[in-house]
Amino acid sequence: MLAVIFERPERQLVVTTSNGKSLEVESGESSYGGQGRYARVKGEKTVHLLDASVVTGFEGGPESLIEKRIVVANQEDIVGYTARYGDKEAAFVQVDREQAAKRKFVPKDDLSSTNDAPGKLMSTLRNVRASKVVEPKVGASAIATFVVETTTRDKQKIEVLERSDGEGHVIATDGWVFEVSETQSKELLDDLQALWP
């Protein structure tokens, strides 16, 4: 019966590693009761039952996402970030990051600062959610750049790009270009401008 499920798989996903090795995964229909989805590596006989949360991200097809977070690090794992907007650039670090009640972002060269703008900007950046992957050509010139340093991964470069069609902004990171709402991009740029009153 399971072989019939994969005569016409509902989704196919090609995963390519950084060393160029590819793996094609086929997903079939949901299991009885919706507890998961059947999947297998293309051409193999072994069928796996994947938890529904694993396949949720590619349910809508290759361009649709369900609110993909741009910055996936937990608050306490963020060491600091740099922000560049036009000809202005600044570096910020998170102090007391292990203590939720005391942690805050401050300028790297002024650890006693009480300005809350750096923390508000990071909060906004962490709340940005992408709704769709778009073609790289949609993004034009970068108007703002962030580099986020965490304890859990290499530095993450995030660029806010003007759309080539003039219809707002997109965000580029990790080799992908994501569509975000106009409200999110405006809030992010407003918070960025607040760093330099």
Side-chain angles (χ1 to χ4, degrees), residues 18 53-54 56-58 63-136 138-197:
S18 59
S53 65
V54 173
T56 300
F58 58 89
E63 294 180 347
S64 297
L65 301 168
I66 297 178
E67 294 196 342
K68 184 202 180 329
R69 292 174 55 195
I70 299 298
V71 176
V72 294
N74 293 323
Q75 180 75 28
E76 64 273 11
D77 294 327
I78 300 173
V79 175
Y81 70 96
T82 59
R84 190 177 76 230
Y85 187 60
D87 62 350
K88 299 173 183 165
E89 185 170 342
F92 304 93
V93 294
Q94 183 173 204
V95 295
D96 297 320
R97 53 187 183 91
E98 299 297 328
Q99 300 174 29
K102 295 176 77 177
R103 71 173 65 119
K104 64 179 180 175
F105 286 91
V106 296
K108 193 173 188 175
D109 57 358
D110 182 8
L111 300 181
S112 62
S113 174
T114 58
N115 184 349
D116 66 343
K120 185 169 182 343
L121 175 60
M122 178 49 69
S123 178
T124 300
L125 187 60
R126 287 187 68 238
N127 286 327
V128 171
R129 302 291 192 266
S131 59
K132 185 177 181 182
V133 174
V134 295
E135 291 292 324
V138 170
S141 59
I143 58 171
T145 303
F146 304 93
V147 177
V148 179
E149 183 179 350
T150 70
T151 60
T152 57
R153 63 177 283 179
D154 291 335
K155 292 179 180 179
Q156 180 183 10
K157 183 177 180 181
I158 301 162
E159 294 181 300
V160 179
L161 308 171
E162 291 181 348
R163 289 182 60 114
S164 56
D165 58 10
E167 297 292 321
H169 302 94
V170 292
I171 291 183
T173 187
D174 298 328
W176 297 90
V177 179
F178 298 104
E179 189 170 278
V180 294
S181 73
E182 188 175 329
T183 302
Q184 289 183 96
S185 64
K186 181 180 181 336
E187 183 179 4
L188 186 59
L189 293 175
D190 287 349
D191 288 352
L192 182 56
Q193 288 175 354
L195 292 177
W196 298 282

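What you see below is based on every heavy atom in this structure, not just the backbone, and it leaves out hydrogens, waters and symmetry mates. Quick caveat, the model's predicted, so the values are computed rather than measured. When a residue number appears, it is its place in the shown sequence, counting from 1.
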**OP:** Return the set of residues passing ring pair (Phe, Tyr, Trp, His ring centres under 6.0 Å) with Y81 (not counting sequence neighbours), or none when no residue passes.
**Re:** F92, F105

**OP:** Tell me yes or no: between the side chains of D116 and T114, is some donor less than 3.5 Å from an acceptor?
**Re:** no

Subject >> Partners meeting side-chain contact (heavy atoms from CB on, under 4.5 Å) with K186 (sequence neighbours left out) >> reply: D190

Original post:
Does V106 reach the side chain of P118, with side-chain heavy atoms less than 4.5 Å apart?
Top reply: no

Original post:
Between F178 and V134, does a side-chain contact (heavy atoms from CB on, under 4.5 Å) hold up when you go through it step by step?
Top reply: CA-CA 6 Å; F178 298 104; V134 295; over 6 Å; no

Original post:
Does V71 reach the side chain of F146, with side-chain heavy atoms less than 4.5 Å apart?
Top reply: no

Subject >> Straight-line distance of L189 CG to L121 CG, nearest 0.5 Å >> reply: 9.5 Å

Subject >> side-chain contact (heavy atoms from CB on, under 4.5 Å) against A91, all qualifying residues, sequence neighbours excluded >> reply: T82, K108

Subject >> side-chain contact (heavy atoms from CB on, under 4.5 Å) partners for K88, two or more places apart >> reply: W196

Original post:
Can you list the steps and then say if R129 with R69 is a side-chain contact (heavy atoms from CB on, under 4.5 Å)?
Top reply: CA-CA 5 Å; R129 302 291 192 266; R69 292 174 55 195; 3.2 Å; yes

**OP:** Could you tell me the separation between the CG atom of D174 and the NZ atom of K157, rounded to the nearest 0.5 Å?
**Re:** 12.0 Å

Original post:
Which pairs pass side chain to side chain donor-acceptor pair (under 3.5 Å) with one or both residues in residues 90-106, sequence neighbours excluded?
Top reply: Q75-Q94

Subject >> For the student: nearest non-hydrogen atoms of Y85 and I143, plus distance >> reply: CD1-O, 3.3 Å

**OP:** Hey, could you give me the CD1/OG1 distance between I158 and T173, rounded to the nearest 0.5 Å?
**Re:** 5.0 Å

Original post:
Would you say D110 has more than 12 foreign heavy atoms packed within less than 6.0 Å of its CG?
Top reply: yes

Original post:
Any side-chain heavy atom of R126 sitting closer than 4.5 Å to one from I78?
Top reply: yes

Original post:
By salt bridge (Lys or Arg N to Asp or Glu O under 4.0 Å), which residues pair with D77, not counting sequence neighbours?
Top reply: none

Original post:
Which atom pair, heavy atoms only, marks the closest approach of T150 to A73?
Top reply: CG2-CB, 3.6 Å

Subject >> Closest contact, heavy atoms only, A83 versus L192 >> reply: CB-CD1, 3.7 Å

Subject >> side chain to side chain donor-acceptor pair (under 3.5 Å) against K120, all qualifying residues, sequence neighbours excluded >> reply: D191

Original post:
Of all residues at least two apart in sequence or in a different chain, which pass the side chain to side chain donor-acceptor pair (under 3.5 Å) check with S113?
Top reply: none

**OP:** Enumerate the residue pairs fulfilling ring pair (Phe, Tyr, Trp, His ring centres under 6.0 Å) with a member in residues 147-166, sequence neighbours excluded, ordered by first and then second residue.
**Re:** none

**OP:** Identify, with sequence neighbours excluded, every residue that meets side chain to side chain donor-acceptor pair (under 3.5 Å) alongside E187.
**Re:** none

**OP:** Could you tell me which residues satisfy side chain to side chain donor-acceptor pair (under 3.5 Å) with E179, sequence neighbours excluded, listed by chain and number?
**Re:** R163

**OP:** Can you measure from CD1 (I70) to CG (L125) and round to the nearest 0.5 angstrom?
**Re:** 8.5 Å

**OP:** Not counting sequence neighbours, which residues clear side-chain contact (heavy atoms from CB on, under 4.5 Å) with S185? List them please.
**Re:** H169, V180

